[in-house]
Number of protein chains: 2
Amino acid sequence: MKLLRNTLLETFVTVVECGGFTDAQYALGITQSAISIRIRDLETALGYRICERGRGGFRLTERGEIAYRKAGDILRSARDFDAELLELRGTITGDLRIGTVDAVNTLAELNLAQVLKRFLDRPNEVQLEVVVASPTELTQKLITGDLHVAIAPFRNQVSELTYTELCQEEHRLYCGRDHPLFDLPDDQIDLDVISEHQICQRSYNILVSPVLQTVHPKAVVANMEAMAMMIETGHYLGPLPVHFIETWAHRDRLRELAPDKLNWNSTFYLATRPSVVHRRAVEILVQDIIESCLSGE
Amino acid sequence: MKLLRNTLLETFVTVVECGGFTDAQYALGITQSAISIRIRDLETALGYRICERGRGGFRLTERGEIAYRKAGDILRSARDFDAELLELRGTITGDLRIGTVDAVNTLAELNLAQVLKRFLDRPNEVQLEVVVASPTELTQKLITGDLHVAIAPFRNQVSELTYTELCQEEHRLYCGRDHPLFDLPDDQIDLDVISEHQICQRSYNILVSPVLQTVHPKAVVANMEAMAMMIETGHYLGPLPVHFIETWAHRDRLRELAPDKLNWNSTFYLATRPSVVHRRAVEILVQDIIESCLSGE
DNA sequence: AAATTTACATTAAAACTTCTCATGTGAACA
DNA sequence: TGTTCACATGAGAAGTTTTAATGTAAATTT
């Protein structure tokens with residue numbers, strides 16, 4: 001404990017994230033030589049080399065790789081504990097790391113922007129961080145403590161986390177202006193016709209209608225914006241949340257297909273890791289989110 | 001994170017444990033004025049007072065109480081993470097906090113002293129700490145991370161921990177030289193006779209024969225030595241582990257009562273909290289303990 | 001092949017932090 | 001009322017960290 005001070009670990013992590021000493025000096029606000037000395041001290045304390053460096057490029061050693069991950073863990077939990085102590089002061093403080101899937105902003109029932117506004121309107125010294133990722137990644141990040149809360153349509157729920165149902169998201173299938181189906185009358189469109197065309201799917205495949213489950217997707221996309229783009233090419237059909245289209249300026253460039261037969265919902269959940277750290281900031285935000293959804297109904 | 005350095009928390013925790021600045025200076029190896037400054041800095045950083053101090057005595061404030069517990073948590077996990085990083089060096093290092101119930105030393109099948117000797121004979125930089133407490137307390141301490149491993153006859157096993165069976169401990173009922181039953185011939189002693197006398201029981205009541213379960217205890221004791229003492233007064237009967245008596249110099253001062261009817265076993269377990277931190281030192285010790293028990297049979 | 005650039009190491013002196021020593025304060029106690 | 005105890009304070013000493021300037025070695029360019 002004498003030698004493994006937080007500054008050393010902080011330096012190490014920043015250097016790794018910056019990919020070398022040169023960039024890290026701006027991130028850390030100290031000179032390159034100070035970094036050099038700190039890394040040397042850390043290596044001396046640990047008793048092994050953590051990274052190869054020099055003109056040949058920056059590279060973690062095998063042990064350095066492990067040390068980097070552990071150091072990140074230490075620092076995150078240190079910051080969380082830190083925030084807990086500071087919260088005894090009265091005002092809410094600390095990091096608050098939120099994860100969502102993309103295109104959450106237009107979810108009217110949830111209205112995340114409004115929730116965050118309300119949260120930040122309070123006297124606070126909170127440092128917000130919002131991460132957008134897939135449900136799988138969000139789950140992982142919650143478990144490791146990378147995130148405090150996450151909002152997503154969690155299909156596979158794990159026992160380490162607690163989930164609160166928030167709202168439903170309605171999806172329909174769309175095609176673009178240049179697609180053969182665009183000008184076909186409604187009564188000529190049915191599932192058989194549709195299934196003859198290629199469908200673009202989300203990479204975490206939770207947003208595909210059960211009806212079309214069997215169709216092998218020809219394109220895969222990790223992002224809602226990208227999905228809309230693929231549909232606009234006129235080469236693919238694709239599912240989109242209704243709320244996403246509703247706030248879309250070029251709404252007329254897309255056409256809903258068989259909205260009465262092809263519409264389905266996904267349920268959004270709020271997920272947290274229970275009681276590892278007891279943070280007022282986290283509690284309050286969770287409360288805010290849940291309340292917003294209840295009143296929105 | 002800037003201000004809540006580990007030295008400050010370390011100082012705080014030590015001061016609390018020493019009950020004031022004056023004693024803490026020897027524990028910390030710095031002067032009283034340095035401590036005064038550190039506590040002041042910590043309070044400034046936190047923004048609230050953590051302890052009342054002065055001639056009137058040392059006392060934590062309400063917030064200080066909470067902060068103290070959290071600070072202890074931080075330091076323990078910091079030391080554990082620390083040890084993990086150091087173990088990548090090759091030799092085993094760090095704190096190793098072991099808990100047992102009392103009178104484990106004479107458990108021949110386990111032979112804890114021998115196990116610890118073997119463990120410490122390896123090249124190591126481990127700081128051992130052995131805590132003696134009741135099974136309930138040990139369970140608590142394992143869950144919070146206060147302890148890495150514990151050995152006790154765990155009756156109530158909780159899902160947060162993993163248990164490995166180690167060995168059996170045989171118990172019998174004893175009376176002292178001055179007890180009415182001491183000189184009674186064997187054939188006149190049966191359960192009815194015995195149940196007319198007062199029985200001393202362990203405070204965690206896991207060591208009382210099922211046969212005598214109904215008898216309301218008149219004395220309760222938290223420790224094996226104390227149990228022997230109570231029995232020696234001649235006023236109480238009491239259960240003791242056989243191995244405890246066998247290594248007892250004044251063995252003839254006690255008498256076994258109806259050893260054929262009144263003998264029972266408790267099972268000793270090794271308990272750990274699974275995979276929260278991955279420490280070589282912990283793994284090796286656990287391995288040592290289990291091996292010792294397997295070979296001892 | 002020489003010159004240049006890049007990325008880090010080294011060093012001495014400056015800047016900053018933390019400690020100690022000596023002394024001060026104020027409450028409790030005799 | 002004076003003494004003791006437990007901590008606070010302040011000036012200077014000691015120690016630590018940073019900077020600025022320069023060195024080095026590998027990669028790139030010329």
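In what follows, chains carry the letters A, B, and so on, assigned in the order in which the sequence lines appear, proteins first and then strands, with residues in each chain numbered from 1.
Taking the ring centre of B:Y48 as origin, the terminal cationic atom of B:R63 falls inside the region bounded by 6.0 Å and 45° from the ring axis.
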Under the salt bridge (charged side-chain N to carboxylate O under 4.0 Å, His left out) rule, what do B:D80 and B:R97 come out as? Steps first, then yes or no, please.
CA-CA 10 Å; B:D80 286 350; B:R97 300 186 290 274; 3.5 Å; yes
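In this structure, A:L8 atom CG and D:dT18 atom C1' are separated by 14 Å, rounded to whole Å. Rounding to whole angstrom units, CD1 of residue B:I30 and P of D:dA14 are separated by 18 Å. We find that CZ of A:R49 is positioned 11 Å from P of C:dC8, with the value rounded to whole Å.
At the heavy-atom level, B:S36 lies under 4.0 Å from base atoms of the strands shown. At a threshold of 4.0 angstrom between heavy atoms, the contacts of A:S33 include nucleobase atoms, whether or not backbone atoms are also involved. Residue-level contact check: A:I35 touches neither bases nor backbone, having no heavy atom under 4.0 Å from any strand.
Residue A:T22 places at least one side-chain N or O closer than 4.0 Å to OP1 or OP2 of C:dC8. Side-chain nitrogen and oxygen atoms of B:R38 include at least one within less than 4.0 Å of the OP1 or OP2 phosphate oxygen of C:dC19. Taking side-chain N and O atoms only, A:R53 has a distance below 4.0 Å to OP1 or OP2 of C:dA9.
Side-chain atoms of A:T31 lie closest to D:dT19 of the nucleotides D:dC7, D:dT19, C:dT20. Checking D:dC7, C:dA9, D:dT9 against every side-chain atom of A:F21, the shortest atom distance belongs to C:dA9.
Between A:D121 and A:K117 there is a salt bridge, with a side-chain nitrogen of the basic residue lying less than 4.0 Å from a carboxylate oxygen of the acidic one.
Interface remark: the A:Q32 side chain does not form any donor-acceptor pair with the C:dA7 base, using a distance-only criterion of under 3.5 Å.
Nearest heavy atoms, A:A71 versus A:V13: CB-CG2, 3.9 Å.
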